[in-house]
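Not measured: the values here are computed from a predicted model. Lettering follows sequence order; numbering is per chain, from 1.
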Amino acid sequence: MPFSPGASSESFEPAYLRGLNDAQREAVETIDGPVLVLAGAGVGKTRVLTSRIAHVLATGRAREHEILAVTFTNKAAREMRERLERMSGGAVAPPWLGTFHSLGVRILRRYAERVGLTSSFTILDADDQLRLIKQILKDANIDEKRWPARMLAALIERWKNRAIEPGKTPASEAAGFANGRGGDFYKIYQDRLRTLNAVDFGDLLLEPFRLMRDDSDALAFCQRFAKYALVDEYQDTNAVQYLWLRLIAQKTRNLCCVGDDDQSIYSWRGADVENILRFEKDFPDAKIIRLERNYRSGAHILALAATLIANNKSRLGKTLYADRGEGAKGRLIGLRDSVEEAHTVAERIERAQRRGTHLDEVAVLVRASFQMRAFEERFLEIGLPYRIVGGPRFYERAEIRDAVAYLRLVAQPSDDLAFERIVNSPRRGLGDASLKTLREFARARGAAMVPSARALIESEELRPAARTALRAFLADLARWRGQVETLSQDQLAQTILEESGYLAMWTAEKTEEAKGKLENLAELVRSMQEFPSLQAFLEHVSLVMDAERADGAERVSIMTLHAAKGLEFDEVFLPGWEEGVFPHPRALEEAGRAGLEEERRLAYVGITRARSGVTITYAANRQLRGLWQPSAPSRFIDELPAAHLEAEDTHQATVQRAWRTGTPGAGFASSYETPGWKRARAAPEFAAPAPRAGAGSSAAFAAGDPVFHLKFGPGSVVAIEGDKVTVEFDKAGRKLVMAHFLQAGSGG
DNA sequence: ACCCTCGCATTTTTT
DNA sequence: ATGCGAGGGT
């Protein structure tokens, strides 16, 4: 159905405008000049973005290749593309639709030689990067204990995120690493990258920015494909990304940024909410449009979220109102411990399932991944199917990285990192000693390892065995390289894996784990068929890092709050709302009030994922780092309006409120006399490990008594011999422990 | 060259 | 508890 540009009468209204509310329509139709769309959770943001692109095309303002649409994740890009193709009856998705990083690669491949690279440069992932930095630190005799490579990696990443080039590092910050040598190492690192013909993720943003800034050709090129520019999740942009956008948009000024300051949860990786405020400053004529009509959640859920987030001081302010009616109240449940929490959540999920909720529409959202385990255990026990979203990714598995390293080395002989990764895997008798010789030799010649190795085997530097092994390995590499043209990339991969002995290595190991690895490798080879070339496959691996496998079965999703952004579910469970867990103490330590506010936004994101039901739980005892700890309800619970909540044990809630108002910010309970602990004892449901007089001597116990041990948790007494007690623990099994370490309390 | 044990830290994570 | 890295022992 062709669009009808300029149609004003309703009967000719283009399909993409139909059903939009006023604010949405304004956001779609205001295509000229800078626009900032503040889009709260669940307000139909994606719809607006796609309609806007359709509108630009329909009005003939630009062709699809003149539209730039940037997202943060590949998934978001994919969804937008699919939606566009669906909406217009096909084929108008702009070619310049993608993540900042994927667009960065395209720009950089085109202008590679202008920044000292060739267009076939390799993209290093975090793992390679760390390895490289470790080498640099080792060469410089830096004590890795005192100055961890991770720290330098983080420092460099932060600099790149802020568009700070090597040599321009602020003295105060460079001083923070290895007595002021941070800046030097940044330079060395960058030089090493150039030698390797490689870039890291930060470079994919920094280098295109420098190109646009310094090279008028490159800038003109970029501006050509960005006649109309559109940015999703704008609150997540960092400084370089902002500078990019400003350069790209300065000519036409047709820049539309869509974001929500209340959902900014990535400041720790460089995202800068200030960019939203800065936008208004840099583009004073910017039109600001608020999307506040929420189509997702019921009014009670929305009220919970709104009241909570209102406690944040630094926000633009935006009020969501419900379109869907009242819906159900939120539920708040206090539990005895994390085991019971998992138990109860599982039980509630089954209850929802009986009411007709699909498991695909249920999510358990946790603050930190260690919380997931209790749920997995319980779900496995009762056979409730679940999926962990965002766990270790396919391409990050060691065996896959090894296989990819072989391919990288074949495609790019100067890829020293790939070489080092697989040169002795499987074992070829090329250990540390030989490798050290080779490394030094290569360094001295200023050449990559592979060509250096070719020279080295002509000498007597290596012991004969190593020399033979290295010669054979080089011959293999050369042969495989010769097959790049003749074999398809999946055939090549299969050949390499077989001939290198890599498959044999895992076949020889008869463990379940090895079997899994072989399966993964087979899956890798299979998935390679879908790519047009080896090059395309390698780029996919470094940039897209996902290999989602659709499986038909319905499953509950377990994921972190961070991973849940942008998703929605009918029923959402938010466990672990306790001090010491959420807000995360680390966030408070590192960023103080700003940290607390970001944690609160995380809570806001969690609640607003829910369409019809949200259940918040907290436990009085939780195993942290192997030890059982008493825990107090999260301060965020106090910030939830009681009118929109059904607390299943109001008694506890009341007690908890009473103590907390007396001692605001009481912090994480660490002794048995904290208010949280007292409350726990006061509530009958919290029949928890209350210490009592007499505990500690075996006289206080009798067989069958429920007891509690700080390390092993709840259990019951089996036998007593002097000051030692045999206890059957619920989790840890039968142990002989000192009575001294036991408290009377509820067992299992 | 490889294996094992000890010590240490341990939020979130895309590209 | 657990996992990872370093260093020492075989």
For [X] and [N], is the shortest distance between a side-chain N/O and OP1 or OP2 below 4.0 Å?
| X | N | value |
| --- | --- | --- |
| Ser369(A) | dT12(B) | yes |
| Arg586(A) | dT10(B) | yes |
| Asn74(A) | dT15(B) | yes |
| Arg427(A) | dC2(B) | yes |
| Thr99(A) | dT14(B) | no |

Measure the distance from [atom1] on [X] to [atom2] on [N] and round it to the nearest whole Å.
| X | N | atom1 | atom2 | answer |
| --- | --- | --- | --- | --- |
| Asn424(A) | dC2(B) | CG | P | 6 Å |
| Tyr266(A) | dT12(B) | OH | P | 11 Å |
| Glu233(A) | dT13(B) | CD | P | 15 Å |
| Asp236(A) | dT15(B) | CG | P | 12 Å |
| Leu567(A) | dT14(B) | CG | C1' | 14 Å |
| Phe201(A) | dT13(B) | CZ | P | 16 Å |
| Arg622(A) | dA1(C) | CZ | C1' | 15 Å |
| Trp577(A) | dT11(B) | CH2 | P | 21 Å |

Please classify the nucleic acid contact of [X] as base, sugar-phosphate, or nothing, using heavy-atom distances under 4.0 Å.
| X | value |
| --- | --- |
| Gln241(A) | nothing |
| Arg150(A) | nothing |
| Ala433(A) | sugar-phosphate |

Nucleic acid contacts - residues 591-602 of chain A versus DNA chain B, non-hydrogen atoms under 4.0 Å: none

Most 5' of Arg463(A) and Arg625(A) on DNA chain B, judged by nearest nucleotide: Arg463(A)

Quick test of your reading of the model: are [X] and [Y] salt-bridged, counting only N-O distances below 4.0 Å?
| X | Y | result |
| --- | --- | --- |
| Glu440(A) | Lys436(A) | yes |
| Arg367(A) | Glu578(A) | no |
| Arg601(A) | Glu598(A) | yes |
| Asp128(A) | Arg421(A) | no |

Arg109(A) side chain to Phe121(A) main-chain N or O, any donor-acceptor pair under 3.5 Å? yes

Can you measure from CD1 (Ile422(A)) to OH (Tyr502(A)) and round to the nearest 0.5 angstrom? 10.0 Å

Would you say Trp268(A) stacks on dT12(B), if stacking means ring centres under 5.5 Å apart and planes within less than 30 degrees? yes

Can His584(A) be called stacked on dT11(B) when the rule is centres closer than 5.5 Å and an angle between planes below 30°? yes

Could you tell me whether the side chain of Arg367(A) has a donor or acceptor atom within less than 3.5 Å of a complementary atom in the base of dT11(B)? yes

Residues in side chain to side chain contact (heavy atoms under 4.5 Å, CB included) contact with Leu380(A), at least two apart in sequence or another chain: Tyr386(A)

Review item, side-chain donor-acceptor pairs of residues 258-265 of chain A, under 3.5 Å, at least two apart:
{"residue": "Asp260(A)", "atom": "OD1", "partner": "Asp262(A)", "partner atom": "N", "Å": "2.9"}
{"residue": "Asp260(A)", "atom": "OD1", "partner": "Lys318(A)", "partner atom": "NZ", "Å": "2.8"}
{"residue": "Asp260(A)", "atom": "OD2", "partner": "Gln263(A)", "partner atom": "NE2", "Å": "2.9"}
{"residue": "Asp261(A)", "atom": "OD2", "partner": "Leu316(A)", "partner atom": "N", "Å": "2.6"}
{"residue": "Asp262(A)", "atom": "OD1", "partner": "Arg315(A)", "partner atom": "NE", "Å": "2.9"}
{"residue": "Asp262(A)", "atom": "OD2", "partner": "Arg315(A)", "partner atom": "NE", "Å": "3.4"}
{"residue": "Asp262(A)", "atom": "OD2", "partner": "Arg315(A)", "partner atom": "NH2", "Å": "2.7"}
{"residue": "Asp262(A)", "atom": "OD2", "partner": "Lys318(A)", "partner atom": "NZ", "Å": "3.1"}
{"residue": "Gln263(A)", "atom": "OE1", "partner": "Arg609(A)", "partner atom": "NH2", "Å": "3.2"}

Among dT13(B), dT11(B), dG5(C), find the nucleotide with the atom closest to the side chain of Lys134(A). dG5(C)

